[in-house]
Participant: 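Here it is, the structure in full.
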Amino acid sequence: MKWQGIWRDNETYVVTEDPSKPKFYLLEMFPYPSGELHVGHVRNYTIGDVISRYKRARGYNVLHPMGWDSFGLPAENAAIDRGIQPDTWTWNNIAHMREQLKRMGFTYDWSREVTTAFPEYYKWTQWLFLLLYERGLAYKKTAPANWCPKCHTVLANEQVEQGKCWRCDSLVERRSMDQWFFKITDYAERLLADLEKLDGWPEHIKIMQANWIGKSEGAEIDFAGPDGEKIPVFTTRQDTIYGVTYLVLAPEHPLVEKIIQGTEYEAPVRAFIDKVMRMSEIDRTAETLEKEGIFTGAYATNPVSGDQVPIWIGNYVIYEYGTGAVMGVPGHDERDFHFARKYGLPIKIVIQNEDKSLRLEEMENAYVDPGIMVDSGKFTGLGSEEGQAEVTRFLEENGMGRGKVTYKMRDWLISRQRYWGAPIPVIYCPKCGTVPVPKEDLPVILPLGLKVTSGGPSPLARHEEFVNTTCPVCGEGARRETDTMDTFVCSSWYFFRFASPYNTDVAFAKEDVDYWSPVDLYIGGVEHAVMHLLYARFITKVLYDAGLVPAEEPFQNLLTQGMVVRDGAKMSKSKGNVVSPDEIVGKFGADVMRVFMMFAAPPERDLEWSDRGVEGANRFLRRVWRQVTGEHTGEQPGAEGAPGDGVSTEGLLRIAHQSIKKVSEDLERLALNTAVSQLMELSNYIGRYQRLPKDSQSADALEEAKTALLKLLSPFAPHMAQELWEKLGYSGTIEEAGWPEYDQATIAERTVTVVVQVNGKVRDRIQIEAGSSDEEVTDRALASERIVKLLGEGPDARDKIAKVVVVKDKLVNIVTKR
RNA sequence: GCCGGGGUGUUGGAAUAGGUAGACAAUGGGGACUUAAAAUCCCCUGGGCUUCUAGCCCGUGCGGGUUCGAGUCCCGCCCCCGGCACCA
C-alpha cells in the first residue's frame, strides 16, 4: 500500500516518447468492465506486469496502458434487471475494477486510460467506420444473418459457436435483415499470407486463423441449364470433371424455382425445400444429419464432356459458400459417393491409382487421392495435379469457366440491434439515400437516460430525438441509423489510441504511433484467437493502407495464457468454485497472489487454483523477509537447524549468479514459473548459508546474494522487494538500480560432477576438474571404485571396452563388448 | 472426419541443443524447538527386490524402431483437451 502511493505520487509509470531509449509496448487485452476483477484477469495482468517491470529495469521505455472495453450487452441486461442506467452501471464497475487493479500494484500509465464508451473514444470508432466507408470497405446489404433471440441482435459468423451464441448459448436463428458489413474478405489473402510473418505468435493460433480464413484453390465451371442458362459450380477437383454424374443445388438457389415451375416435380420439391428451411441452423449443419436430396426433373450439360446430368437439390449444399451449387463426382468424393449410392445415381471412375486397381463393383468408398486421369477425353493419362491445371486452362480458353480461389471467411457483420454501443454514423435521406455523417459532425452522441427494456426494438430506434435529423447533403428531414456497432469494432483499434490518447482532433497522432507501434508483446486469452485478433489485424491493415500507421501487423509477439481452473473445472458462479482476488489480497497481500499465480503453472497452460499453493507462496516470501532483515516474522527463535553439506561462500556467489542468468533467460522466454522456482532455490541456499558459523560467513558475499535476490524478485513481488531494498539501506526504487548482470567466471565451477555410465546405465559419479580432457575423464572413470567392481582393474577392464563416449564435464559412457 | 496441443510421482509442474528423469513446490510421514499448539528448522516422500552403513531391477499413455545413450527423434496405436465441421 505504502509503495503504491509513492509510485502514484511520483508518476513512476507515466511514460512519454523518448527516442533515446529502446521502446517496449506491452499490452494485455483490456477487460470488459463486468464489475469484478476475477482471477483470470489477475493472472493475465500479472504476467504483463512482471514483464513490464523487468523491461523497465532493463532500461526500456515501456508503454503499459490499461482501459475498458466498455460497450456491450451486459450493461443493458443489468439495466433491465436492476433498473440502473447502462452508463451508471458501467462507470461504477470501472471505478471499482480500477481500484482492484491498483491494489495489485500493476504498473499502468493511468494517464492513458481509454474507455470505449466515452464519446471522446467512440467518436474515433465512428471515424474509423467512415474511413472504411470511404474506402469501399463498409457496405449495407440484406442478407440472412445469425439472429440471437435472447440477445435480440444479429451476430457475426465468428460469434456463433456450434450454432449457438458465444455470449449466452442460445440457439441462433437465421433471419434475413438489412445489415452493415465490413469487407474483411477483401483482405482474406493478406490476412492469410501475413500469418507467416508472425514468428512471435503461437503456431496453433495461426493455424486457427488460417482454418477460419479457409482458402481453397479450384475452378468455377459453368454447366448449362435446361434453357442454356449458366449454372456455375465451384470445385477443387477440376481433374474429376469427366466423373460428374449429377449436379446438386442448395435449396435456396434461385434457379430451383425456375426449373420446377409447372412440372410434376414442383410440389414434392417445394415440400422438400420447406422441410430443410424450417430446420434450425444447428440441426441443418449437424454431422448426424442424413444427406437428403430430391430430383428436380431438369438436366444440365457438362461443358467439357458434353454429358447430360440430372439436377438435384441437396440439404447439404451451402448456399453462401462457393456458388451454392456443386458437381456430383461420386467416384472421387466421399459425400457424393454416399449420396449416389443412396439415390441410385451412376458412379464413374475417372481417376485411377498408380496400379489401376480400382474396380467399380468392388468400391466401398470414393477414391479421393490423386492419381491418373482415365476416361477423360483428351486429358486421359495426365496426373491429377497436372490435370487440374490443364482442365482450368481448357475452361478458360473455351469460356466454360475459370480458375478460382474461394475463402470460407465471410464479411464481418457489424450491425447490432442494441442500445449500448457506438452508433453507426449514417443518415438515411428520402432524397439523397444513404449519407455518411460528415466527419466534422462526429461524434454521433449516444443519448443517455433512455428507458431500456427487454425485447422489442432497441431504445434508440424508439427515441425520436435521436432518429429524426436533417440530411447533411440537402438539409431536408432524414432518419438516423439506429443500429450500433459490434463492440469488436471498438477493440479492433484501441492499441493505437493508447499510443496517442490525448488527441482531440485525430484518432491518434502519426508520430506517436510511429514511435510505439507495433505492440511488442500482447497477452490475453485464447478465446479471441479468431475474433478479436483477426479483426484487429484486419483494421490495422486498413489503417496501414490509408497511410495512418507504420505497421502492417499490430502484435509482434502474442502470449495466449491459459484459464484459471479449480478442481479441474472453469470457475463459475453456478459451480460455486469462484476465488475472489480481493479476499486473497486482503489476507496475504498482492505479492503473494502474484507469486503464486506465476509459480503454479507456465503462462500458456491452465492453472489449477490451490489454496495450499497460495500458502506456499506466502511461506516463501516470509522466509525471504527474514533472510534479508534478520527479523523474525512471528515464530519463536531458537529452532535453528544445521546448514547442511556443501554450503560455502563460493557456492553462494555461484548460485546467485546462476540465478541472475536463469531468471533473466526465463523472463525472456516467458517461463515465469521456472523463474520463481530459481528464486526459491537461491533463497534456500541463502538460508543454509546463514546457518553457517558467523565467522565463516562473508558479509560482502551475503550482501551480493541478497541484492541479487531482491532485484530478481522485484518484478514478481514488487512491494516487498522495494520495502526490503529500503531496509537494506538503499535509496530510490529498486527498479532504478537496474537489472543485475551475471559474471560467467563466478558461475563456472572448478570441479564438476561427471556421471559414469556403463552401457548407458548410471553406475557412478566422479568429481573432476572442469575442462579435463577425454582421456583424463576416462582414466578417472575406470579407476572409480564402482567401475572397478563391475569391470575389473587396469588391462582387464580395457579389454572389455568396445567404445567410450565422453560429453565434456557432464558424462562418460563406457560401452562394453558383447 | 480434418487440424492443433497434450499424456511424466499422491498433486501442480521441471528437464531450454538426444546425455544424471522427477528441479521447485504442494501433500503425507518422521524428528528438533515448545508446558502445549501455531510458526520455524531438519530429514524422508515413484514402484519393486535384496544379503538394507550398500546395491539391483523396473519406471515419462501402449507397441515397435534408430542410437553408446530416448521423456526428448522415427513408425504404428490408445486416451484426454481445444478449434473447425456436410466448405464441394
Side-chain angles (χ1 to χ4, degrees), chain A residues 161-162 202-212 214 216 218 233-237 248 284-291 314-318 320-329 333-336 338-339 406-408 526-527 529-530 596 599-602 604-617 619-620 622-623 626 632-644 662 665-666 669 671 673-674 676-681 683-684 687-688 691 753-763 765 786 789 802-807 810-816:
Chain A
E161 295 168 349
Q162 261 120 49
E203 210 53 41
H204 69 280
I205 302 290
K206 291 193 274 186
I207 288 165
M208 278 167 77
Q209 290 214 352
N211 288 345
W212 186 262
S216 307
V233 301
F234 176 72
T235 179
T236 53
R237 289 299 301 271
V248 195
R284 200 174 151 188
T285 54
E287 101 183 86
T288 47
L289 181 75
E290 179 70 21
K291 281 164 202 47
N315 62 353
Y316 64 95
V317 180
I318 297 169
E320 288 88 2
Y321 183 76
T323 59
V326 298
M327 58 188 214
V329 187
D333 180 281
E334 208 52 52
R335 225 178 12 220
D336 295 346
H338 291 293
F339 192 80
T406 301
Y407 301 89
K408 284 184 207 171
V526 222
E527 64 272 21
V530 285
F596 164 70
F599 177 63
E604 63 280 2
R605 256 205 261 180
D606 283 356
L607 183 155
E608 173 72 34
W609 183 265
S610 157
D611 292 329
R612 297 292 203 166
V614 176
E615 283 166 29
R619 263 198 294 277
F620 165 60
R622 282 162 60 105
R623 190 173 64 218
R626 282 195 304 277
H632 290 281
T633 47
E635 70 282 1
Q636 291 290 315
E640 300 280 295
K662 169 83 172 146
E665 285 169 358
D666 282 354
R669 67 188 179 104
N673 55 327
T674 53
V676 175
S677 80
Q678 183 64 37
L679 293 172
M680 289 171 169
E681 291 197 54
S683 156
N684 286 344
R688 288 205 297 277
R691 267 175 259 117
T753 305
V754 170
V755 170
V756 183
Q757 296 183 333
V758 175
N759 295 326
K761 287 191 170 144
V762 181
R763 292 297 140 146
R765 296 179 169 82
R786 299 276 332 278
K789 236 189 221 171
K803 180 181 177 183
V804 177
V805 181
V806 179
V807 180
K810 268 204 154 158
L811 170 145
V812 48
N813 186 11
I814 299 159
V815 186
T816 59

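Lettering of chains follows the sequences in order, A, B, ..., and the numbering in each one begins at 1. Keep in mind the model is a prediction, meaning the values are calculated, not measured.
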Participant: Just N and O in the side chain of A:Tyr407: are any of them under 4.0 Å from OP1 or OP2 of B:C87?
Facilitator: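 No, outside the criterion.
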Participant: Under the rule syn = chi within 90° of 0, otherwise anti, which is B:G48?
Facilitator: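 Base orientation relative to the sugar is anti.
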Participant: Once you apply a heavy-atom cut-off of 4.0 Å, does A:Asp666 come out as touching a base, just sugar-phosphate, or nothing?
Facilitator: base
Participant: Nearest-Å distance, NE2 (A:His204) to P (B:C84)?
Facilitator: 13 Å
Participant: Ignoring backbone atoms, establish whether A:Arg786 has a side-chain N or O less than 4.0 Å from OP1 or OP2 of B:C56.
Facilitator: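 It does, given that an N or O in the side chain of A:Arg786 lies less than 4.0 Å from OP1 or OP2 of B:C56.
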Participant: With rounding to the closest Å, how many angstrom separate the C1' atoms on B:A88 and B:G4?
Facilitator: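 About 24 Å, rounded to a whole number of Å.
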Participant: On a plain distance test, is the side chain of A:Asn211 in donor-acceptor contact with the base of B:C84 below 3.5 Å?
Facilitator: no
Participant: Base contacts versus sugar-phosphate-only contacts with protein, heavy atoms under 4.0 Å: please encode nucleotides 46-51 of chain B as B, S and - from 5' to 3'.
Facilitator: ------
Participant: Give a yes/no on whether any side-chain N or O of A:Thr236 is located under 4.0 angstrom from OP1 or OP2 of B:C87.
Facilitator: no
Participant: Please write out the pairs of protein N or O atoms and N or O atoms of nucleotides 27-31 of chain B separated by less than 3.5 Å, giving the distance to one decimal.
Facilitator:
unit_1: B:U27; atom_1: OP1; unit_2: A:Arg612; atom_2: NE; d: 3.3
unit_1: B:U27; atom_1: OP1; unit_2: A:Arg612; atom_2: NH1; d: 2.9

Participant: Can you tell me how far C1' in B:G61 sits from the matching atom in B:C79, rounded to whole Å?
Facilitator: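 Their C1' atoms lie roughly 7 Å apart.
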Participant: Rounding to an integer number of angstrom, what distance separates B:U50 and B:C44 when you compare their P atoms?
Facilitator: 24 Å
Participant: For nucleotides 9-11 of chain B, print each protein N/O atom paired with a nucleotide N/O atom at under 3.5 Å, atom names and distance only.
Facilitator:
none

Participant: Check nucleotides 20-23 of chain B for protein N or O atoms closer than 3.5 Å to its own N or O atoms and list the pairs.
Facilitator:
unit_1: B:U20; atom_1: O2; unit_2: A:Arg765; atom_2: NE; d: 2.8
unit_1: B:U20; atom_1: O2; unit_2: A:Arg765; atom_2: NH2; d: 2.6
unit_1: B:A23; atom_1: O2'; unit_2: A:Glu681; atom_2: OE2; d: 2.9

Participant: Using the P atoms only, state how far B:G46 lies from B:G22, rounded to an integer number of Å.
Facilitator: 10 Å
Participant: Which nucleotide sits closest to the side chain of A:Pro602: B:C57, B:G13, B:G4?
Facilitator: B:G13
Participant: Identify which nucleotide among B:U16, B:A39, B:A25 has an atom closest to any side-chain atom of A:Lys662, counting heavy atoms from C-beta outward.
Facilitator: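 Taking heavy atoms from C-beta onward, the closest nucleotide is B:U16.
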Participant: Should A:Arg763 be listed as having a side-chain N or O under 4.0 Å from OP1 or OP2 of B:C56?
Facilitator: yes
Participant: Please report the distance separating the P of B:G28 from the corresponding atom of B:C81, rounded so that it comes out in whole Å.
Facilitator: 30 Å
Participant: What interatomic distance, in whole Å, is found between P of B:C57 and the corresponding atom of B:G71?
Facilitator: 16 Å
Participant: OP1 or OP2 of B:C86 versus the side-chain N and O atoms of A:Lys291: is any pair under 4.0 Å?
Facilitator: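 Answer is no, no contact under 4.0 Å.
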Participant: Could you spell out the base pairing of RNA chain B as a dot-bracket line? Use Watson-Crick and G-U wobble contacts where both distances are under 3.5 Å, [ ] for crossing pairs, | for partners on a different strand.
Facilitator: (((((((..(((......[....))).(((((.......))))).((((.....))))..(((((..]....))))))))))))....
Participant: Identify whether the distance between the nearest side-chain nitrogen and carboxylate oxygen of A:Lys662 and A:Glu665 falls below 4.0 Å.
Facilitator: no
Participant: Considering residues at least two apart in sequence or located in another chain, which fulfil the ring-ring contact (aromatic ring centres under 6.0 Å, His included) criterion with A:Trp609?
Facilitator: A:Phe596
Participant: To check you understand the geometry: which heavy-atom pair defines the closest contact between A:Ser677 and A:Phe599, and what is its length?
Facilitator: CB-CE1, 3.8 Å
Participant: Select one nucleotide: of B:A88, B:G4, B:U16, the one nearest the side-chain heavy atoms of A:Tyr321.
Facilitator: B:A88
Participant: Would you confirm whether the ring centroid of A:Tyr316 sits within less than 6.0 angstrom of the ring centroid of A:Phe339?
Facilitator: yes
Participant: Roughly how far, to the nearest 0.5 Å, is the NE2 atom of A:His338 from the CG atom of A:Asp333?
Facilitator: 9.5 Å
Participant: Quick one: on RNA chain B, does A:Gly616 or A:Lys408 contact a more 5' nucleotide (nearest heavy atom)?
Facilitator: A:Gly616
Participant: On RNA chain B, compare the nucleotides closest to A:Val807 and A:Arg605; which residue's is nearer the 5' end?
Facilitator: A:Arg605
Participant: Without decimals, in angstroms, what is the distance between A:Ile207 CD1 and B:C84 C1'?
Facilitator: 12 Å
Participant: Can you check the distance between B:U66 and B:C78, where both ends of the measurement are the C1' atom (answer in whole Å)?
Facilitator: 23 Å
Participant: Among B:C87, B:C68, B:A85, which nucleotide has an atom closest to any side-chain atom of A:Val805?
Facilitator: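 The closest nucleotide is B:C68.
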Participant: Which whole number of Å gives the distance between the P atom of B:U45 and that of B:A54?
Facilitator: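 Those two atoms are separated by 14 Å.
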Participant: When the distance from CD of A:Gln209 to P of B:G4 is rounded to whole Å, what number comes out?
Facilitator: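 Nearest whole value for this atom pair: 16 Å.
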Participant: In the structure I gave you, are the side-chain heavy atoms of A:Gln209 and A:Trp212 within less than 4.5 Å of one another anywhere?
Facilitator: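 A side-chain contact under 4.5 Å is absent here.
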Participant: Rounded to the Å, how far apart are A:Ile205 CD1 and B:C84 P?
Facilitator: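 Rounded to whole Å, this separation is 12 Å.
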Participant: With the 90 degree cut-off around zero defining syn, does B:C56 come out syn or anti?
Facilitator: anti
